[in-house]
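Worksheet for the structure shown next.
In what follows, every chain begins at residue 1, and chains take the letters A, B, ... in the order their sequences are listed. These numbers come from the heavy atoms of this one structure, side chains and all, not from hydrogens, waters or symmetry mates.
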Amino acid sequence: MNDLLKEKGSNQSSREILPKGVRIEFPKKTGFGDLASPVAMHLASPLKMAPRAIAIELQSRLSPLKEISHIEVAGPGYLNITFTLEFVHECLHKLLDADQSPISPVSSSKKILIEYVSANPTGPLHVGHGRGAAYGNSIARILKTLGHDVTSEYYINNAGNQMDLLARSTYLAWRDLQGNLSDEERAKILPDGTSYQGAYVTEIAREIAENPSLLSEEERKQALAGMDHSSLFLSRFSQIAEDRIMEGIRKDLNRFGIEFDRYFSEKTLHAPDPIEGQSSIDKCLAEIRDFSKSPEASGLADIPDLFEEDGALWLRTSLLGDDKDRVLRKSDGNLTYYAADIAYHREKISRGHDLFIDVWGADHHGYILRMQAAMKTLNALNKTDAELKVALIQLVNLLREGKPVGMSKRSGDFVTLSDVLDEVGVDATRFLYLTRSHESSLDFDLDLAKSKSMDNPVYYVQYAHARVCNLLKQAEIRGIKVPSKWNLQHLSPLVGDDEKALILLLDRFDLVVSECGSMMEVHPLTDYLTELAGHFHRYYFHNRILSPESGGEPLILARLALSSGVGRILRLGLSLLGVSAPESM
RNA sequence: GCGCCCGUAGCUCAGGGGACAGAGCAGCUGGCUUCGAACCAGCGGGCCGGGAGUUCAAAUCUCUCCGGGCGCACCA
């Protein structure tokens with residue numbers, strides 16, 4: 001439908017005037033036609049004509065189209081277009097064709113790598129991670145159905161201080177299990193006194209204590225001897241804790257309907273190559289250094305280069321508007337997290353993607369610019385043109401009885417994703433996360449989600465789907481033969497205004513999904529499905545589908561056709577959200 | 001102090017130049033002898049944070065002020 005308008009609109013030799021194309025609206029109120037456009041108003045000034053005169057001109061040119069039953073010029077110059085029933089029936093007919101996807105693929109498919117969740121393996125996933133998980137996964141599903149080549153990945157931050165702290169916390173818990181630990185020894189294990197205190201730490205410690213095969217004889221001896229002697233055993237504790245925690249994270253994700261194509265370990269970036277002896281990060285930094293010095297690079301203006309100052313290694317990110325340049329290797333010789341991240345993106349580029357989508361928590365806001373800057377350098381030296389889009393997921397405010405719940409992982413006072421799934425359920429949790437734009441913070445009230453779960457919009461949508469399934473089942477029970485393939489004749493009894501509106505709403509699905517893809521937002525789809533479910537509930541209530549007052553079997557069949565069209569779109573839409581479409585509830 | 005996001009119905013939020021500003025929840029009223037009432041019909045509720053500007057047209061764009069969130073390390 002939009003194509004149709006666009007084609008005709010551009011015949012007005014006004015393509016330059018309307019660079020964004022013809023604006024189309026779906027009127028909210030009845031009486032403004034099926035489609036409305038304020039084009040005439042937009043053309044008024046450049047054409048130096050009165051809006052209404054232009055509208056009338058457009059009206060006369062568009063009305064001969066066979067798809068259009070009539071066009072009205074309304075208000076200051078609106079074009080209100082009404083479609084013919086035949087055209088509307090054709091739309092539905094297409095939607096019912098099982099061989100054809102209701103979603104039209106994008107014109108140019110991209111090779112996309114989406115990285116999301118990527119929670120540190122220092123504890124179970126909490127509600128904040130859940131939001132990023134639901135968002136990233138749905139975006140991935142949407143982009144995939146739009147015809148992109150999508151790979152999903154989880155980056156495991158298993159190197160650095162956080163992991164060291166986890167290892168020490170686990171070790172401390174393990175020592176506590178062995179009994180009488182002096183304060184002095186305690187202070188040696190955790191010099192600044194902070195530690196991870198969640199129950200999962202004690203559990204891991206207990207497992208280590210109870211399962212002799214986890215530690216070698218030598219490691220156990222050293223560990224019992226304490227920190228003074230050698231703390232090499234800490235890396236064992238670290239590894240065991242990471243394994244257990246990642247196992248739990250995978251389980252949670254799996255339960256949440258999420259599988260990654262790949263888990264990428266940060267450690268592998270630090271590990272020296274067995275042959276060359278250099279780690280990926282070292283190699284990447286050397287590459288950038290060489291490139292920065294090359295004559296090729298000196299010709300390029302705004303590519304951040306690598307330089308040394310005050311004994312540290314820097315990337316000149318200020319070239320691209322960053323407040324200051326950023327350190328890659330500290331003067332004490334240690335690498336920063338930034339360096340590892342650059343090496344990671346370097347690795348991603350080598351896999352030949354056009355677009356990277358990184359889904360990060362809102363607290364990484366300040367990190368975007370420097371990552372974009374690094375991408376520029378990496379692209380220049382690899383002669384690639386990969387784009388990085390960062391989706392910042394705003395905070396989830398977890399509430400209980402309307403009061404905020406603390407979520408500090410170290411104090412152990414936080415609610416895990418799996419707790420929420422137990423309480424609220426997978427479908428409701430996913431849907432709830434996706435009802436809001438990821439750019440605004442979300443209040444997640446546990447008691448509300450629990451106690452009012454039957455009022456949750458997800459059930460409203462799922463119930464509409466269950467109703468469709470039930471109708472088809474009932475039809476079968478009543479001996480009504482539902483054709484496996486629908487033709488236009490079947491649909492011709494659909495003449496009611498509500499039926500026409502419902503079909504046009506179904507037809508909009510395609511547009512909504514493609515909008516979600518280009519905007520990188522999921523909530524338009526959630527909204528749409530709620531609206532569609534509402535339309536169907538109303539239609540169902542006001543029309544006896546299997547026993548109409550008149551019209552007989554042809555009308556029954558036509559209405560069943562429409563209902564199964566609704567069912568198909570609901571099912572497809574829900575699957576994009578990762579929410580189930582039950583046949584009965 | 002600087003940067004980003006946000007301020008719309010009692011609450012949580014859509015709408016991001018166009019026709020009388022929408023939805024869900026909460027509140028009130030009504031509807032099950034029918035293919036499922038997890039539903040439907042109706043009512044009330046708004047200086048779209050304040051002010052100024054751009055425009056034929058501003059909740060939407062610009063500026064400014066006020067209020068809230070987040071970020072600004074040789075941390076991860």
Side-chain angles (χ1 to χ4, degrees), chain A residues 23 25 27-29 31-32 36-39 41-42 44-45 50-51 74-78 80 120 122 157 159-165 266 309-314 321-338 340-341 361-369 392 394-395 397 399 402 432 435-437 439-445 448 452-464 466-475 477-478 480 523-524 526-527 530-531 533-534 536-548 556 559-560 563 584-585:
Chain A
R23 200 174 303 274
E25 287 155 18
K28 278 167 276 189
K29 304 276 165 101
F32 293 138
S37 181
V39 232
M41 269 112 84
H42 292 216
S45 156
Y78 277 98
N80 292 341
N120 290 356
T122 51
N157 291 125
N161 296 341
Q162 301 296 328
M163 287 308 287
D164 184 53
L165 185 59
E266 185 192 349
E309 200 176 281
D310 301 333
L313 205 57
W314 305 70
D322 203 355
D323 300 348
K324 51 176 87 168
D325 301 323
R326 303 292 168 179
V327 171
L328 298 167
R329 190 197 302 279
K330 295 181 266 181
S331 51
D332 65 6
N334 285 320
L335 292 163
T336 60
Y337 184 84
Y338 183 42
D341 240 4
D363 53 338
H364 287 67
H365 166 67
Y367 211 72
I368 298 177
L369 198 58
L392 278 190
Q394 290 299 322
L395 291 180
N397 302 313
L399 309 172
L432 216 101
T435 47
R436 303 278 128 85
S437 164
E439 278 178 9
S440 50
S441 58
L442 178 75
D443 284 353
F444 198 116
D445 192 315
L448 208 72
K452 305 285 162 76
S453 64
M454 287 308 167
D455 294 328
N456 192 307
V458 70
Y459 298 104
Y460 187 75
V461 177
Q462 287 183 322
Y463 186 50
R467 274 190 152 163
V468 169
C469 294
N470 195 251
L471 271 175
L472 295 170
K473 221 178 291 164
Q474 278 296 323
I477 290 166
R478 296 180 183 207
I480 299 166
H523 76 276
T526 324
D527 283 353
T530 310
E531 192 186 343
F536 182 71
H537 282 311
R538 257 159 273 153
Y539 177 65
Y540 176 92
F541 188 85
H542 296 295
N543 296 281
R544 306 278 83 204
I545 291 172
L546 295 176
S547 48
I556 296 175
R559 287 178 169 175
L560 282 173
S563 302
S584 65
M585 295 173 68

Quiz item: Between CE of A/Met585 and CG of A/Asn470, what distance do you get to the nearest 0.5 Å?
Solution: 12.0 Å
Quiz item: Hey, is the side chain of A/Lys330 poking within less than 4.0 Å of OP1 or OP2 on B/A73, counting only N and O atoms?
Solution: no
Quiz item: Hey, is the side chain of A/Tyr367 poking within less than 4.0 Å of OP1 or OP2 on B/A73, counting only N and O atoms?
Solution: no
Quiz item: Which nucleotide in the list B/C35, B/A37, B/A76 gets nearest to the side chain of A/Tyr463?
Solution: B/A37
Self-check item: Presence of A/Ser440 side-chain N/O under 4.0 Å of B/A14 phosphate oxygens OP1/OP2
Solution: yes
Quiz item: If only side-chain N and O atoms of A/Lys324 are considered, is one of them under 4.0 Å from the OP1 or OP2 phosphate oxygen of B/A73?
Solution: yes
Quiz item: OP1 or OP2 of B/A37 sitting under 4.0 Å from any side-chain N/O of A/His537?
Solution: no
Quiz item: With nearest nucleotides of RNA chain B determined for A/Trp314 and A/Arg544 from heavy-atom distances, which residue corresponds to the more 5′ nucleotide?
Solution: A/Arg544
Practice problem: Tell me the partner of B/C70, counting only Watson-Crick (N1-N3 plus N6-O4 or O6-N4) or G-U wobble (N1-O2 and O6-N3) with both under 3.5 Å; none if nothing fits. | Solution: B/G3
Practice problem: Indicate, yes or no, whether a donor-acceptor pair under 3.5 Å links the base of B/A76 to the side chain of A/Asp164. | Solution: no
Quiz item: Which word best sums up how the rings of A/His364 and A/Tyr367 line up, parallel for under 30°, tilted for 30 to 60°, or perpendicular for over 60°?
Solution: perpendicular
Self-check item: Side-chain donor/acceptor contact of A/Thr336 with base of B/C74 under 3.5 Å
Solution: no
Quiz item: Distance-only, no hydrogens or angles: does the A/Thr336 side chain make a donor-acceptor pair with backbone N or O of A/Arg329 under 3.5 Å?
Solution: no
Quiz item: Which of the following nucleotides, B/A76, B/C74, B/A19, is nearest to the side chain of A/His364?
Solution: B/A76
Quiz item: What does A/Arg538 touch in the nucleic acid at a heavy-atom separation under 4.0 angstrom: a base, only the sugar-phosphate, or nothing?
Solution: sugar-phosphate
Quiz item: How long is the span from the CE atom in A/Met163 to the OG1 atom in A/Thr122, to the nearest 0.5 Å?
Solution: 7.5 Å
Quiz item: For B/A37, does either OP1 or OP2 sit under 4.0 Å from a side-chain N or O belonging to A/Arg467?
Solution: yes
Quiz item: With rounding to whole Å, what would you report as the distance between B/C25 and B/G17 at their P atoms?
Solution: 29 Å
Quiz item: Going by 5.5 Å between centroids and 30° between planes, is there a stack of A/Tyr460 over B/A38?
Solution: no
Quiz item: Would you say B/A38 has OP1 or OP2 under 4.0 Å from some side-chain N or O of A/Tyr459?
Solution: no
